[in-house]
Structures are given as structure tokens and as C-alpha cells.
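The structure under discussion appears below in the form of C-alpha cells.
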Amino acid sequence: MKIKKTFTLIIITIIFLSSLMWWNQWEKKSKSYGIYSERSIDYTKKSIRSNEEPYLSAYKQLISLADKSLESDINPVVFLRVPSANKNKQGHVDASKPLTEDAYHAYILSLAWKLTNKQQYEDKAKKILDAWANNNRLISHKEDTPLVSSYGGVGLINAALLLKDDENWNQSSFRTWVRTIYLPAIEVARNRENNWGAWGNLASLTSYSYLDDENSFQKEVKYTKQLINNQIGVDGEMLKEIPRKENSMFYTYFGLAPLTQSMYMIYNQTKVNMFDINTPEGTKIKRALDYYYYFVEHPDEWPHYREANLNKPFVSQDGYWPISLYEAMSKVYPKSRYNSIVSKYRPILGGYLNNGKPHHMAWNFPTLMPPDLEKASQ
């Protein structure tokens, strides 16, 4: 009888330890880094080790940029103010540069570290984040500053999420900066109705994910749904962007990119698949993607502006819009035709480079780090 009890205890212990190991492994695979997950990072690393294309070429592209970022200057500003591009285009570009370039470098370096585990990438990324936390004291709530802080500055938060598990990094200053300086500024963009709202929503989701503020994150999830329902018309047109005349095609992309990136971040953190076409949000976003895709292929038929100066999709290695969006969405909706317009441009960098400089942080490196939904959408 005693032997039987001992044997039973051993079996129970083995089952418990096996379950614990399985749970730890599942929890690790399910871990979210905002726009990425442990699962997607592991898959990319495995594909690189296997010399699988297009992952290998995309990886070399990233590492080339990361090595250049190691040599980059760090340029935090005490007071960030970005004038309106409509009134002062060059002033807007110049004032945006310190934030967008530093954020881009930090993001590239942290992703390179995550894929290689090379310490020099992480060290430089942390220096950039700490420099902004320790030197930037004010972000203007006026002109284009909240928008640029959202679409460019979110790269700093993306980097912080990838570095978050480093116990040797004292994150207190950066966390304080995110909550007290960054979030109040991007909230101004978040409360607008057009693409500003979508970019502000993405930056807010990213910030609350980094800060482990679950209640605020869930409020932003509801706001993402609200934006989808308010911004997309019955045919799939982006209602707030199509009145933008010659720039209506670009701003349609510029509204869809952050919305879809937010949806994927929500999936990574909650496993709620808003891309599912059986949901109201999935139905609308798929209709919007299909509607826009037709006119990307046939820009001369764009019904919202028919003049010769229409800013048409610039599908090339120098333009990057909207091919990064459709590169990502071709993985979300594998039965779509999206792959046909992007396959010849791989590896796709994303982020639409502005005069050779980074512009925005949605669907960057979509060839290297494609969205990975365990339950594929239709």
C-alpha cells in the first residue's frame, strides 16, 4: 500500500512539473512586445538560421541599418515643437528630425538586439531612450507636434518594449517621461477624428502596454473600434481622408496604417482578433483594404480627386507607400490578392522614407517581421 501511494505521488509530481514546464513555455511564446510577440520573433530567428528567403535578405537589410545606427548622433531636445507642415514645410521637417531619427535608430537597434543578442545594439538603444528621458522636458501640444510625436515618437516606445525585460536597465526615468511628458502630448492627436486620432491611438496603446496600464489599454481598445467604425464608410472609403484633394490617396494609406498596426498590437496583447471578417471591425477593415487596393492598382480611377496633380501611390524602393501596409496585410488575409503588388519589392523596409529619412513607425520591416495570427483570417 505504501509503495502504491509513493508511486501515485511520483506520477502526480511528474504531471505537475510537466504542466508547469508547458505553461512556462506557452507563457513565453505568448509574451507580447507590443507590435511583436515572442512567437513571431522566434519564428523570424528560426527562418534566418535556415537561410530562408525573404527573411534572410530582410535581416541583412535590418542589420545594415542597425550598424549605421550605432554610429548615429543622439539629439534630444529640451522643448519639442513642430510647426505646421502646411505653413512651414521645411521648418516642420527640420523640427521633426531629432525625434523621428532618434526614435527610428532606437527601434532598429532594439529589434536587431532581439534577433542577434549583440550587446552593442542594446547599449546604444538604451542610451537613446535615456537621453530623451533625461533631457526632454516639454513636448508642445500645438501645431503638428502631437501628430509627429505619435507617428514618429512611438518608435521610442517600441524600442522600450523590446528592451523591457532587461533587469540591468534602470527604466524609472524613461517610464516617468512616457507618463508625464509623452502621453499628454499624444493625447491631443488621439482626440482628433482623422488620421491624427489613429496615430494617437496607436501611440497610446503602445505606451500603456509598456507601462503595464491594463485599464487604460482596454479603454484604447474600445477607442480603436470606435475609430474603425467612424472613419470607414459603407464602401470602405476613409471618410476623414478622401476630402484631402490631391493628397487623398496618401492620407487614406496614412489612416489605414496605424489602424491596422493597432489591431495587431491588440491581438498580441489580448489574442482578440479584430481582423476576423466575422466581427464588425474585421468586416469594415477588410472592405477598406480591398477598396483602397483596387485604386492602388488603378489610381487614375480614384473617384475622390481627378486632377493631374493627384499624389499617386509610389510603389518603389524609394516610396514605400502603401506597399508596407499590403505586405503586412497579405499575411493577415492570405487569400487576398495583396501579395501580387508587393512580392517583387521584397524585402520591404516600410515607414515611407521622407527625403531619405524615416517618417513614421507603422508596419516597419513587414517582410522580416510579418504579422503572425495563430487563427488565420479569411
Side-chain angles (χ1 to χ4, degrees), residues 34 72-107 128-160 173-208 210-211 216 220 223 227 231 240-241 244 247 250-251 253-255 257-259 261-262 321 351-355 357-362 364:
S72 66
D73 294 330
I74 305 174
N75 299 293
V77 293
V78 176
F79 174 41
L80 179 67
R81 172 184 167 269
V82 181
S84 170
N86 293 331
K87 297 179 179 179
N88 184 357
K89 185 175 182 180
Q90 190 57 50
H92 173 97
V93 172
D94 292 342
S96 300
K97 189 182 297 185
L99 177 64
T100 55
E101 291 193 7
D102 279 359
Y104 193 58
H105 291 313
Y107 165 47
I128 296 172
L129 300 185
D130 287 340
W132 276 86
N134 294 326
N135 291 280
N136 177 243
R137 292 290 175 262
L138 182 64
I139 299 176
S140 174
H141 293 191
K142 297 180 180 180
E143 301 170 291
D144 282 353
T145 318
L147 177 61
V148 174
S149 299
S150 297
Y151 71 60
V154 71
L156 294 175
I157 321 302
N158 288 337
S173 295
F174 189 76
R175 290 175 69 88
T176 299
W177 178 82
V178 172
R179 184 167 292 283
T180 62
I181 297 175
Y182 184 70
L183 270 168
I186 63 173
E187 186 177 5
V188 178
R190 183 253 190 213
N191 291 336
R192 293 275 292 272
E193 291 186 343
N194 62 357
N195 64 80
W196 283 54
W199 285 108
N201 173 236
L202 173 60
S204 296
L205 283 164
T206 310
S207 298
Y208 291 130
Y210 171 67
L211 294 171
S216 296
E220 289 303 313
Y223 190 56
L227 288 170
Q231 293 189 357
K240 309 297 181 181
E241 312 304 337
R244 304 291 289 269
N247 290 316
F250 172 76
Y251 280 110
Y253 156 73
F254 205 56
L259 277 180
Q261 184 77 89
S262 290
W321 71 273
Y352 177 53
L353 300 189
N354 185 18
N355 296 321
K357 301 298 181 181
H359 187 258
H360 58 267
M361 312 292 166
N364 298 78

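Note that these values count all heavy atoms, side chains included, but never hydrogens, waters or copies made by symmetry. Quantities reported herein were computed from a predicted structural model and do not represent experimental measurements.
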(message) Using every non-hydrogen atom in the two residues, find where G152 and A103 come nearest and quote the distance to one decimal.
(response) O-CB, 3.3 Å

(request) Check the angle between the aromatic planes of Y251 and F254 and answer parallel, tilted or perpendicular using the 30° and 60° thresholds. (result) perpendicular

(message) If we ignore hydrogens and angles and just use 3.5 Å, is the side chain of D102 paired with the main-chain N or O of N75 as donor and acceptor?
(response) yes

(message) Are E187 and S204 packed together at the side-chain level, in the sense that at least one heavy-atom pair is separated by less than 4.5 angstrom?
(response) no

(message) If I take atom OG from residue S207 and atom OH from residue Y182, how far apart are they, to the nearest 0.5 angstrom?
(response) 5.0 Å

(request) Kindly indicate whether a cation-pi arrangement holds for R175 with Y210, taking the cut-offs as under 6.0 Å to the six-membered ring centre and within 45° of the axis. (result) yes

(request) List the steps, then state whether side chain to side chain contact (heavy atoms under 4.5 Å, CB included) holds for N135 with W177. (result) CA-CA 10 Å; N135 291 280; W177 178 82; over 6 Å; no

(message) With heavy-atom distances below 4.5 Å as the criterion, would you say the side chains of W199 and L259 are in contact?
(response) no

(request) For residues S149 and L99, determine if any side-chain heavy atom of one lies less than 4.5 Å from a side-chain heavy atom of the other. (result) yes

(message) Among N136, L138, T176, which residue satisfies the side chain to side chain contact (heavy atoms under 4.5 Å, CB included) criterion with I181?
(response) N136

(message) Side chains of V82 and L147, heavy atoms from C-beta outward: is any pair under 4.5 Å?
(response) no

(request) Quick one: pull up CG in N364 and CG in N158 and give me the separation to the nearest 0.5 Å. (result) 8.0 Å

(message) Just so I know, are the side chains of W196 and S150 near enough to count as touching, which here means a heavy-atom distance under 4.5 Å?
(response) no

(message) Whether the N195 and E241 side chains hold a donor-acceptor pair (N or O, under 3.5 Å, no angle test) is what I'd like checked.
(response) yes

(request) With rounding to the nearest 0.5 Å, note down the distance linking CZ in R192 to CG in N201. (result) 15.0 Å

(message) The test is side chain to side chain contact (heavy atoms under 4.5 Å, CB included); show your working for F79 and T145 and say whether it passes.
(response) CA-CA 11 Å; F79 174 41; T145 318; over 6 Å; no

(request) Decide yes or no for L205 and Y223: does some side-chain heavy atom of the first lie under 4.5 Å from some side-chain heavy atom of the second? (result) no

(message) Could you tell me if R244 sits above the aromatic ring of F250, with its cationic atom closer than 6.0 Å to the ring centre and no more than 45 degrees from the axis?
(response) no

(message) How close do S140 and K142 get, counting heavy atoms only, and between which atoms?
(response) OG-N, 3.0 Å

(message) In the structure I gave you, are the side-chain heavy atoms of L183 and L211 within less than 4.5 Å of one another anywhere?
(response) yes

(message) Can you confirm if the aromatic rings of Y253 and H360 lie within a centre distance of less than 6.0 Å?
(response) yes

(request) Starting at NE2 of H141, measure out to CD1 of I186 and round the result to the nearest 0.5 Å. (result) 10.0 Å

(message) My understanding is that only one of I74, L80, V78 makes a side chain to side chain contact (heavy atoms under 4.5 Å, CB included) with P76; could you say which?
(response) I74

(request) For M361 and Y151, run side chain to side chain contact (heavy atoms under 4.5 Å, CB included): C-alpha distance rounded to whole Å, both residues' side-chain angles, the deciding distance at 0.1 Å, then the answer. (result) CA-CA 6 Å; M361 312 292 166; Y151 71 60; over 6 Å; no

(request) Would you indicate whether the side-chain heavy atoms of R190 and E220 approach each other to under 4.5 Å? (result) yes

(request) For D144 and A85, work out which heavy atoms get closest and say how close. (result) OD2-N, 2.8 Å

(request) Supply the atom-to-atom distance N194 CG to Q231 CD, rounded to the nearest 0.5 angstrom. (result) 7.0 Å

(request) In plain terms, say whether E143 and K87 are close enough for a salt bridge, that is, a side-chain N and a carboxylate O under 4.0 Å apart. (result) no

(request) I would like to know whether T100 and H359 meet side chain to side chain contact (heavy atoms under 4.5 Å, CB included); could you show each step before the answer? (result) CA-CA 7 Å; T100 55; H359 187 258; over 6 Å; no

(request) Could you tell me the separation between the CG atom of L156 and the CH2 atom of W132, rounded to the nearest 0.5 Å? (result) 7.0 Å

